[in-house]
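Residue numbers start at 1 and run along the sequence shown. Because the structure is predicted, anything quoted here is derived from the model rather than measured.
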Amino acid sequence: MKCSESIRSFVVLGACLAGVTSLSAAERVFPNAGGDLASAEAWGADFPGTTDSVEIDKDGTYTAGADLSVNSLAVTADDVTLDFSGAAKRTIMFNGDTGTAGGNYVFSAMGQGKTMAIKGGLFDSSTGRANVRLLVHTANVRTKPSSLTISEGCVITNINRGLFLSLLDDSSVTMTGKSVIYSTGTFVGTDSGTFRNTMTVNGGSTIYTGSHFYPFNTGCVDDRFVLSGAGTKQTCVGAFYWEKTTNCVFRISEGASGNFKSVRIGATGKGNCLTICDSTTTFVSTALNIGVDASGGDGGVGNRVVIENANEENSYGTVSVGGGTGSADNILVVSNCTVRGNEAWTIGKSGASGNGNGLVITGDASIQNTGKILTVNQGAVYSFDIPENGYSEIPLQFQKFTYNSSDVTIKVNARKYLRRHPEGGRIVLAQANSSTWLDTSVNQGLNNLGDAIAALNAKSEKTGCTFSISGKQLLCEIAPAKGLVLLFR
């Protein structure tokens with residue numbers, strides 16, 4: 001009898017040491033301030049099983065000497081490092097099933113005033129339906145900033161929803177060191193009215209979203225999302241939504257790559273900016289919408305996309321700048337590079353009273369889209385900042401141009417050009433590549449443009465700058481400099 005009892009005790013102890021599933025689900029709090037989460041000695045009799053939820057409530061650095069399989073992991077302490085970056089890359093398997101939306105999360109760090117680092121490790125979900133929320137506050141009173149660094153090849157995968165930086169101000173998430181997040185949907189500060197937060201992805205890291213990506217959405221102000229560095233990637237099978245925000249920035253540069261089904265900047269927001277810059281950066285999207293409300297609403301105000309010194313192999317798909325009755329001053333800036341395309345572009349919305357939506361060509365830049373039509377609606381603006389030696393390519397080339405309104409403004413800044421060419425000169429601003437310059441079948445496009453040019457020339461008499469159509473080209477005649485009249489409208 002005693003012998004059989006001894007054998008049974010040995011088996012139970014061995015099961016605990018191996019981390020075998022507990023007989024019933026329980027909440028397990030790690031007893032030490034730091035240490036090995038996979039240590040049976042540290043846990044004692046409370047070693048967590050596959051259905052148990054684990055909590056870290058003490059500051060410290062935590063490691064894993066072996067793989068772990070638990071229901072969930074909650075970090076409630078304020079200063080925690082999860083260091084699973086050893087030679088043996090450890091796996092933390094989450095078995096919780098929080099549903100497609102779900103209010104519960106298998107991996108979480110809640111509250112404000114947190115400093116958290118995750119180094120290495122594979123954080124996986126056995127169900128594929130789990131949700132993760134890191135640096136998420138649940139109260140509107142937020143006075144303490146937080147920070148999270150994900151580094152050293154950390155992988156968070158098979159996640160249904162990833163939520164970061166919610167209801168926090170002046171806080172940050174940094175992904176670096178070839179780290180990866182794979183999720184169905186990714187939300188950064190969405191629907192929470194965050195202020196001055198930053199999410200940075202660099203160092204060859206990757207964010208892959210199987211559906212939509214929502215960076216700093218409804219109510220967010222002065223937030224930043226930065227994608228930079230060679231090998232750094234973002235793939236979004238669905239849409240990249242940046243809609244109901246104010247003065248938020250998305251920047252992709254320094255050899256990073258972004259691949260999106262569509263990108264929406266400032267659909268109903270104000271003053272937001274997407275910048276795509278340097279020749280090693282890759283950007284691919286089937287649609288680029290600036291200040292356009294896809295649901296048919298008023299649209300945004302003062303939103304910008306800046307394409308600067310960019311790779312001309314980038315693809316932007318269909319491009320819409322401004323749309324809706326209240327849409328105004330949304331612009332696409334192309335600076336010192338060539339943008340090529342073969343999809344339709346639209347400025348403003350037909351029948352809507354938008355104002356100031358348009359294109360800005362600055363430096364030796366051009367838009368080459370010889371296969372499709374550029375449609376121009378009421379209140380549209382072209383702005384050309386002519387380089388000192390003129391353009392290498394005609395700055396606007398489309399198959400045809402459709403003018404739905406004569407309310408069109410052309411701005412020319414010839415400051416640099418006149419310094420090098422005080423005698424003035426002729427600049428080709430636009431060219432059509434079809435048999436006719438204009439699509440005259442829509443709203444009497446030729447008459448609308450003719451009226452617009454006549455009005456522009458009437459305004460330009462004192463400056464000596466005149467516009468005309470010759471063949472399939474829109475020309476600008478810049479008179480010799482007299483004094484320094486430099487801006488023609």
Side-chain angles (χ1 to χ4, degrees), residues 8-96 105-110 114-128 130 132-135 147-159 162 174-182 203 205:
R8 186 178 59 164
S9 299
F10 178 79
V11 172
V12 171
L13 177 59
C16 291
L17 290 172
V20 175
T21 307
S22 297
L23 296 177
S24 61
E27 301 288 334
R28 308 291 190 188
V29 179
F30 191 71
N32 302 328
D36 185 353
L37 294 175
S39 169
E41 181 180 355
W43 282 102
D46 290 328
F47 193 95
T50 58
T51 61
D52 293 335
S53 297
V54 173
E55 180 182 354
I56 295 174
D57 67 349
K58 302 174 184 65
D59 294 351
T61 297
Y62 296 82
T63 61
D67 295 344
L68 284 172
S69 181
V70 296
N71 181 76
S72 63
L73 173 63
V75 177
T76 58
D78 290 337
D79 190 348
V80 169
T81 296
L82 301 178
D83 190 351
F84 304 153
S85 61
K89 188 172 184 178
R90 296 307 180 191
T91 296
I92 310 298
M93 182 64 71
F94 299 119
N95 302 305
Y105 294 79
V106 296
F107 187 20
S108 63
M110 308 292 292
K114 290 185 176 297
T115 301
M116 184 174 176
I118 308 173
K119 300 180 179 180
L122 170 62
F123 297 81
D124 201 351
S125 166
S126 62
T127 68
V132 167
R133 55 180 177 182
L134 300 174
L135 295 199
S147 67
L148 167 65
T149 301
I150 303 171
S151 65
E152 299 188 37
C154 173
V155 176
I156 302 174
T157 189
N158 284 327
I159 299 303
T174 301
M175 284 183 64
T176 191
K178 299 182 178 180
S179 296
V180 179
I181 294 176
Y182 291 104
S205 297

K.L.:
Which heavy atom in Ala77 sits nearest to a heavy atom in Asp59, and how many Å separate them?
P.N.:
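Distance-wise, the nearest heavy atoms are CB-OD1, 3.4 Å.
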K.L.:
Inspect the surroundings of CZ in Phe107 and state if more than 12 heavy atoms from other residues, nucleotides or ligands are less than 6.0 Å away.
P.N.:
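Result for CZ/Phe107: enclosed.
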K.L.:
Can you measure from CE (Met116) to CG (Asp79) and round to the nearest 0.5 angstrom?
P.N.:
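If I round to the nearest 0.5 Å, the distance is 11.0 Å.
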K.L.:
If you define the side chain from C-beta out and look only at heavy atoms, does anything of Asn158 sit under 4.5 Å from Thr127?
P.N.:
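No, their side chains stay 4.5 Å or more apart.
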K.L.:
I need the Arg28 CZ to Glu55 CD distance, nearest 0.5 Å.
P.N.:
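Here the rounded value is 13.0 Å.
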K.L.:
Is the backbone N or O of Ser108 less than 3.5 Å from a side-chain atom of Arg133, with the two atoms forming a donor-acceptor pair by type?
P.N.:
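Absent.
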K.L.:
Counting the benzene-type ring for Trp, do Phe123 and Phe84 have ring centres under 6.0 Å apart?
P.N.:
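Yes; Phe84 has its ring centre under 6.0 Å from that of Phe123.
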K.L.:
State, yes or no, whether a side-chain contact exists between Val70 and Asp52 at a heavy-atom distance under 4.5 Å.
P.N.:
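Side-chain contact under 4.5 Å: no.
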K.L.:
Assess the residue pair Val54 and Trp43 against the criterion (side-chain contact (heavy atoms from CB on, under 4.5 Å)); give the C-alpha distance rounded to whole Å, side-chain angles, the decisive distance to 0.1 Å, and a yes or no.
P.N.:
CA-CA 11 Å; Val54 173; Trp43 282 102; 3.9 Å; yes
K.L.:
Heavy atoms only: give me the nearest Asn32-Ala42 pair and the separation to one decimal.
P.N.:
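The pair with the smallest heavy-atom distance is ND2-CB, 3.7 Å.
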K.L.:
Can you name the closest pair of heavy atoms from Val106 and Ala130 and give their distance?
P.N.:
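Heavy atoms only, the tightest pair is CG2-CB, 3.5 Å.
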K.L.:
Under a 3.5 Å threshold, yes or no: a donor from one side chain and an acceptor from the other, between Ser151 and Thr149?
P.N.:
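No, Thr149 and Ser151 have no side-chain donor paired with an acceptor closer than 3.5 Å.
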K.L.:
So, Thr91 side chain and Met93 main chain: donor-acceptor pair closer than 3.5 Å or not?
P.N.:
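Such a contact is absent between Thr91 side chain and Met93 backbone.
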K.L.:
Counting distance only, does the side-chain N/O of Tyr62 pair as donor-acceptor with the main-chain N or O of Leu82 below 3.5 Å?
P.N.:
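Flag not set: sc Tyr62 to bb Leu82 has no pair under 3.5 Å.
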K.L.:
Is a donor from one side chain sitting under 3.5 angstrom from an acceptor on the other, for Ser53 and Ser72?
P.N.:
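Yes.
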K.L.:
Would you give the length of the straight line joining atom CG of Asp67 to atom CG of Leu122, rounded to the nearest 0.5 angstrom?
P.N.:
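Here the rounded value is 8.5 Å.
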K.L.:
For the side chain of Lys114 and the backbone of Thr76, is there at least one donor-acceptor N/O pair under 3.5 Å apart?
P.N.:
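The answer is yes, because a donor-acceptor pair under 3.5 Å joins these two groups.
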K.L.:
Show, in sequence, the C-alpha distance, side-chain angles and deciding distance for Ile56 and Leu37, and conclude whether the side-chain contact (heavy atoms from CB on, under 4.5 Å) test is met.
P.N.:
CA-CA 10 Å; Ile56 295 174; Leu37 294 175; 4.1 Å; yes
K.L.:
Within the 3.5 Å criterion, strictly below it, is a donor on Ser85 or Asp83 matched to an acceptor on the partner's side chain?
P.N.:
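Judged by distance alone, the side chains do pair up.
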K.L.:
Given side-chain contact (heavy atoms from CB on, under 4.5 Å), test Thr81 with Thr115 step by step and report yes or no.
P.N.:
CA-CA 8 Å; Thr81 296; Thr115 301; over 6 Å; no
K.L.:
Between CG of Asn95 and OG of Ser69, what distance do you get to the nearest 0.5 Å?
P.N.:
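Taking CG in Asn95 and OG in Ser69, the distance rounds to 4.0 Å.
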K.L.:
Could you tell me the separation between the CG atom of Asn71 and the CZ atom of Phe94, rounded to the nearest 0.5 Å?
P.N.:
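The distance works out to 9.5 Å.
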K.L.:
With a 6.0 Å cut-off (strictly less than), is the heavy-atom count around NZ of Lys89, excluding the residue itself, greater than 12?
P.N.:
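More than 12 heavy atoms, drawn from other residues, nucleotides or ligands, come within 6.0 Å of this atom.
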K.L.:
Closest approach of Gly65 and Ala38, non-hydrogen atoms and distance?
P.N.:
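Taking Gly65 first and Ala38 second, the nearest heavy atoms are N-CB, 3.9 Å.
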K.L.:
I'd like to know whether Cys154 forms a side-chain contact (heavy atoms from CB on, under 4.5 Å) with Ile156, so could you lay out the CA-CA distance, the side-chain angles of the two residues, the decisive distance to 0.1 Å, and finally the verdict.
P.N.:
CA-CA 7 Å; Cys154 173; Ile156 302 174; 4.1 Å; yes
K.L.:
Supply the atom-to-atom distance Leu68 CG to Asp36 CG, rounded to the nearest 0.5 angstrom.
P.N.:
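Result: 8.0 Å between the selected atoms.
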